[in-house]
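Take a look at the structure below.
In this text the structure is predicted, and so the values were computed from the model without any measurement. Per chain, numbering begins at 1; letters A, B, ... match sequence-line order. The basis for the numbers below is simple: all heavy atoms, side chains too, and nothing from hydrogens, waters or symmetry mates.
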Number of protein chains: 2
Amino acid sequence: MRLVIARCSVDYAGRLSAHLPSATRLLLIKADGSLSVHADDRAYKPLNWMSPPCSLKETEDNLWTVTNKAGEQLIITIEEILHDSSHELGVDPGLIKDGVEAHLQELLADRMEVLGDGWTLVRREYPTAIGPVDILCRDSSGTVLTVETDSVPPRPRHWAVEIKRRATIDGVEQLTRYLEYLNRDTTLAPVGGVLAAQSIAPQARTLAEDRGIRCLVLDYDELRGIDKAEDRLF
Amino acid sequence: MRLVIARCSVDYAGRLSAHLPSATRLLLIKADGSLSVHADDRAYKPLNWMSPPCSLKETEDNLWTVTNKAGEQLIITIEEILHDSSHELGVDPGLIKDGVEAHLQELLADRMEVLGDGWTLVRREYPTAIGPVDILCRDSSGTVLTVETDSVPPRPRHWAVEIKRRATIDGVEQLTRYLEYLNRDTTLAPVGGVLAAQSIAPQARTLAEDRGIRCLVLDYDELRGIDKAEDRLF
DNA sequence: TATTTTATCTCGGTC
DNA sequence: GACCGAGGTAAAATA
């Protein structure tokens, strides 16, 4: 990573045309080849930038040209360099986001066994007319070897899983609506419901259980680590 | 602006919880009190940040705490500082997005009737694979009441408008490329072209009219004031 | 100042 | 590679 503080003007010609009049700014050149131009305000957004992959060419007359594959160009006219330093940062281990619904869904989808032995994912974001169900999965009831009888052989039962950071009455109502739709599909029915959340409001639990919806408290550390058999629903 | 290169770990507790394991990163502290944490990739986006207004508190045991009004916190544990410098940047004059053209676009978008009675804006900066079209709009041909016939009723026709301060051959070529792309979209086609500029180079006009592109000279004062019906295209 | 719309959105996931 | 949706969206335009 190279940090340059310089008085410069910048012209961008790409998806739009833009110009930065002369001023002192930070030029942030990253190891991935990207460059961004920062003013002394707005934490998040650079004034201008070029995303990788792109190449920086410094010509002797203090003209920097950053070009990407699409031919977009960032032209930086350097008037005075006030600071210039380079630093070796190495690869970043990256951000770990906790407790986001999407993340819980991801983790749970990867660890279907938390729901029960032999449970398998059908798909995440299973589409219905009223929106996607977080997770649709199957239990193992159809895979059990049984003695041949005249009765209909058992088949895997489907389950719709609604995931929340904190489950409330609203979540139960939402899952109930999904179940109503899913159970109209004769290739899926009967479909059971599971309400999975890091915490479940007492009234939500009461309503869910009253409607035959199973409740599962998700332990974040457990989802990331090894599941404990004794905590399984079945 | 203060630039710190440090080995650190970061925890964010706010709208979500997030954690950055120990690594060497750039801490970018801006004059507006904001802080952002950058790795050596992803030009645009910091790994983590706190937007202004917020306050940074450095405690003696190498713990930085950034807090905003909503009580969200960024906690940075500094393990080793490799670089620390401060720079006076002053106020930035800010980005100019193609000043005049943008202003003309704004004015014209507000006064679609300059193009013709009943013309309506679809959107400015209409995106295409090869860049945004200045203005996409519809004429009034579909809204005219007609005697019932067996023929397909007329529907509004789309128009792509390219705006320039001074239109040259390049502008015609640009608009031609946009039209080619837009006409591949069956929900839009047929899309007509309008070249609108404060002045139009003779060769540009010749080429445009040869390609069936309409030319419109924009009068800046007229756009700001009352349009004159006799100047309309239709 | 509060709300709505935009973005060179970015980023991830699915088809 | 496309398409779609979420984001600690952020930032700009608007009421």
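- Between A:Asn48 atom CG and D:dA11 atom C1' there is a gap of 15 Å when expressed in whole angstrom units.
- Rounded to whole Å, atom C1' of D:dG7 lies 16 Å from atom CD of A:Gln105.
- At least one side-chain heavy atom of A:Arg124 sits under 4.5 Å from a side-chain heavy atom of A:Leu121.
- Straight-line distance from the CG atom of A:Asp41 to the P atom of D:dA10: 15 Å, rounded to whole Å.
- Among the protein residues, B:Met50 comes within range of the nucleic acid bases, having at least one heavy atom under 4.0 Å from a base atom.
- Regarding B:Asp32, its CG atom lies at a distance of 13 Å from the C1' atom of D:dA10, rounded to whole Å.
- Across the protein-nucleic acid pair, A:Tyr12 atom OH and C:dA7 atom C1' stand 12 Å apart, rounded to whole Å.
- Toward the 5′ end of DNA chain D lies the nearest nucleotide of B:Gly14, the other residue of the pair B:Pro52 and B:Gly14 mapping further downstream.
- With C1' as the reference atom, C:dT5 and C:dC9 are 13 Å apart, rounded to whole Å.
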Check your understanding: Nucleotide by nucleotide, 5' to 3', does protein get under 4.0 Å of the base (B), only the sugar-phosphate (S), or neither (-) in nucleotides 10-15 of chain C, counting heavy atoms?
Key -> SS-SSS
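- Side chain of B:Asp139 to main chain of B:Trp119: no donor-acceptor pair is present (N/O by atom type, distance under 3.5 Å, no hydrogens or angles).
- For the atom pair B:Met1 CE and B:Ser34 OG, the distance stands at 8.5 Å (nearest 0.5 Å).
- By the 4.5 Å heavy-atom criterion applied to side chains, B:Cys8 and B:Glu79 are not counted as neighbours.
- For D:dT14 and C:dT8, the C1' atoms lie 23 Å apart once the distance is rounded to whole Å.
- The separation between B:Leu95 atom CG and C:dA7 atom P is 13 Å, rounded to whole Å.
- A:Leu195 has its side chain out of reach of A:Leu216: every pair of non-hydrogen atoms, C-beta onward, lies at least 4.5 Å apart.
- As a whole-Å value, the separation of B:Leu35 CG from D:dA10 C1' is 17 Å.
- When the C1' atom of D:dA6 is taken as reference, atom CG of A:Asp134 falls 13 Å away, rounded to whole Å.
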In residues 47-58 of chain A, what donor-acceptor pairs under 3.5 Å come from side-chain atoms, sequence neighbours left out?
from, atom 1, to, atom 2, distance (Å)
A:Glu58, OE1, A:Trp64, NE1, 3.4
A:Glu58, OE2, A:Arg2, NH1, 2.9

Check your understanding: Given the rule in the salt bridge (charged side-chain N to carboxylate O under 4.0 Å, His left out) test, do A:Asp32 and B:Arg42 qualify, once you have shown the distances and angles that lead to the verdict?
Key -> CA-CA 7 Å; A:Asp32 62 3; B:Arg42 275 168 293 187; over 6 Å; no
